[in-house]
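The next block holds one structure in the form of structure tokens; read it before the comments.
In each ligand, atom 1 is the first atom listed, and ligand 1 is the first ligand listed. Keep in mind it's a predicted model, so treat the numbers as computed, not measured.
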Amino acid sequence: MDKLVIRGGKKLKGAVHISGAKNAALPVIASTLLAPGGSIIRNVPNLRDVSTIGRLLTNFGAEFSYKRGNAAINTKRIKTLEAPYDLVRTMRASVLVLGPLLARFGQAKVSLPGGCAIGARPINLHLMGLEKMGADIKLESGYIIARGKRLEGTSIYLDIPTVTGTENIMMAATLAKGETLIENAAREPEVVDLANALVAMGAKIEGAGGSIIRIEGVDEMKPLEYSVIPDRIEAGTFMAIAGITGSDITIQGCRNEHMDATILKFQDAGLVFENVTGGIRVTGPTRPRASDVKTLPYPGFPTDMQAQFMALMSIADGTSIISETIFENRFMHVAELRRMGADITIEGGTATVKGIPMLKSAPLMATDLRASASLIVAALASRGETVIHRLYHLDRGYEKIEKKLRGIGADIKRVKK
Ligand code: EPZ
């Protein structure tokens, strides 16, 4: 297994370009199942998760190819409607094929995604929404067996504004009979991006980005050519890196308007932002200020930035309180940061971080995608050589991060095994 070797303590300088958003590319690629024919999705990041959804589509009988940010997909000849355990267990987001398959073919067999490192992550709300539209859903031997000739539009209230739940129900509703209302819908920019792609395929959708989404079902959808939004979490990760190393980094290609809560919290910590053409320039302070944060659904502070923000707070001047309200087990990075000398105590979903002047390097183990990012953030600020193991977590969601970091002066290399 590959590992990363980082020599920290250097100030970084220069520009990085942000890739397309993983959490927009995955649902948009899944949505191409709604329309028979050839689609092209652009600005798709070269990630392990993208190749996984590509294999899933190929498994159904679709054609899928990826080259330099473009995914060419043809869903004309779908032979099977089964998403096997072996693929779904490597990526929970595979469940995003359920809505499109059911809507277009009236049936689907999708392996139930198990739990994951950050939480139990049930999909009861996805299934509740599809059942409310008239689908017959059974769970058999670890598989969801869904049937429904033509789904019927209806009102669906989500107890939690689930992101992929909103996306699955929205995709299914595009081909349903009549109108569907999704209430307490997720408002993430990736949900809006999917809605825009669906509209480009011929769907009738209003209100995406708000907490009520209205979908008027249509008889058919057509293939599309679409470019997905940039990755706000990757951009936020580079902001944390600028903050913890006191560096001057220009982040190109990000959409600042998707990052209000993140930027505000970084400003509280002493980072300085300047809008520049095509991006934002971030200058880190000599020492960050302690700042409390609570993760919330969008437009609140994203849970996918919690670990990176905690790494920054581990060397802040003062004590900060970090509350994780979305996932019940998203503090796996704490034990690794403590190995670097961080002073962090956890009580339930709350971490108290007493800032220390400097982290020390240590061999580390990545436990999930964003925890991996937080270890890179910490390692870049620590004295000495840090080795991060289990990079397969990182490769799921960051495209060539070590190359981008070397481009701004970081001493980082991947050691292949
Ligand atoms: C999406 O996951 C993202 N993944 C996650 O990013 C992100 O952390 C999460 O949204 C929250 O922002 C993708 O978009 C592919 P949720 P999702 O359903 O949709 C509970 C990353 O690092 N819930 O909004 O799975 C659930 O357990 C990943 O890129 C139910 O109880 O998250 C959680 O506590 C990690 N029942 C909360 O809701 C359901 O049916 C929010 O989860 C669905 C969710």
Side-chain angles (χ1 to χ4, degrees), residues 19-31 45 47-50 52-53 56 88 90-99 110 112-132 137 139 144 156-171 182 184-194 211 228-229 231-237 258 261-262 294-309 324-330 332-333 349 366-374 393-399:
S19 302
K22 166 181 81 79
N23 292 346
L26 297 176
V28 170
I29 290 172
S31 75
L47 301 171
R48 214 154 59 83
D49 277 8
V50 168
T52 303
I53 200 148
L56 201 51
V88 174
T90 64
M91 181 184 74
R92 301 180 47 76
S94 309
V95 74
L96 286 164
V97 300
L98 179 60
V110 176
L112 202 60
C116 98
I118 65 176
R121 304 183 72 179
I123 57 160
N124 55 308
L125 298 172
H126 300 228
L127 304 182
M128 174 278 290
L130 297 174
E131 272 177 332
K132 284 208 80 178
I137 301 221
L139 300 183
I144 304 155
I156 297 164
Y157 176 80
L158 297 173
D159 291 338
I160 301 168
T162 158
V163 175
T164 50
T166 300
E167 293 168 343
N168 238 334
I169 294 167
M170 184 165 66
M171 289 190 278
I182 307 177
N184 196 27
R187 303 171 58 191
E188 273 68 4
E190 295 76 22
V191 171
V192 177
D193 205 30
L194 174 64
S211 51
V228 301
I229 56 173
D231 197 317
R232 62 194 168 101
I233 306 298
E234 184 196 10
T237 303
H258 292 165
T262 304
K294 176 188 256 189
T295 64
L296 290 166
Y298 192 89
F301 187 88
T303 173
D304 295 348
M305 278 302 303
Q306 178 256 100
Q308 300 93 312
F309 195 82
E324 174 56 56
T325 73
I326 308 291
F327 292 109
E328 66 274 20
N329 189 32
R330 203 166 204 181
M332 303 285 277
H333 42 284
T367 49
D368 61 77
L369 169 57
R370 306 304 170 184
S372 331
S374 81
H393 290 294
L394 183 79
D395 294 337
R396 293 193 43 217
Y398 288 89
E399 184 180 34

- Show the numbers, then the answer: is there a salt bridge (charged side-chain N to carboxylate O under 4.0 Å, His left out) between Arg232 and Glu190? CA-CA 10 Å; Arg232 62 194 168 101; Glu190 295 76 22; 2.7 Å; yes

Just the distances, no angles: every ligand 1 N or O to protein N or O pair closer than 3.5 Å, one line each.
from     : atom 1 : to     : atom 2 : distance (Å)
ligand 1 : 2 (O)  : Arg121 : NH2    : 3.2
ligand 1 : 6 (O)  : Asn23  : ND2    : 3.3
ligand 1 : 6 (O)  : Asp304 : OD2    : 3.1
ligand 1 : 8 (O)  : Asp304 : OD1    : 2.6
ligand 1 : 8 (O)  : Asp304 : OD2    : 3.4
ligand 1 : 18 (O) : Thr162 : OG1    : 2.6
ligand 1 : 19 (O) : Thr164 : N      : 2.8
ligand 1 : 19 (O) : Thr164 : OG1    : 2.6
ligand 1 : 22 (O) : Arg330 : NH2    : 3.3
ligand 1 : 22 (O) : Arg370 : NE     : 2.8
ligand 1 : 24 (O) : Val163 : N      : 2.8
ligand 1 : 25 (O) : Arg121 : NH2    : 2.9
ligand 1 : 29 (O) : Lys22  : NZ     : 3.0
ligand 1 : 29 (O) : Asn23  : ND2    : 3.1
ligand 1 : 29 (O) : Arg370 : NH2    : 2.8
ligand 1 : 34 (O) : Ile326 : O      : 2.6
ligand 1 : 36 (N) : Pro122 : O      : 3.3
ligand 1 : 36 (N) : Asn124 : OD1    : 2.7
ligand 1 : 40 (O) : Pro122 : O      : 3.4
ligand 1 : 40 (O) : Asn124 : N      : 3.1
ligand 1 : 40 (O) : Asn124 : OD1    : 3.2
ligand 1 : 40 (O) : Leu125 : N      : 2.7

- Query: Measuring from Leu194:CG to Ile29:CD1, what's the distance to the nearest 0.5 Å?
  - Reply: 11.5 Å

- Run the salt bridge (charged side-chain N to carboxylate O under 4.0 Å, His left out) check on Arg330 and Asp304 step by step: do they pass? CA-CA 10 Å; Arg330 203 166 204 181; Asp304 295 348; 2.7 Å; yes

- Task: State the NE2-CG distance between His258 and Asp193, to the nearest 0.5 angstrom.
- Result: 7.5 Å

- Query: Is the backbone of Pro45 close enough, under 3.5 Å, to the side chain of Ser19 for a donor and an acceptor to pair up by distance?
  - Reply: no

- Message: Looking only at the side chains, is there a donor atom on one of Tyr398 and Thr237 sitting less than 3.5 Å from an acceptor on the other?
- Response: yes

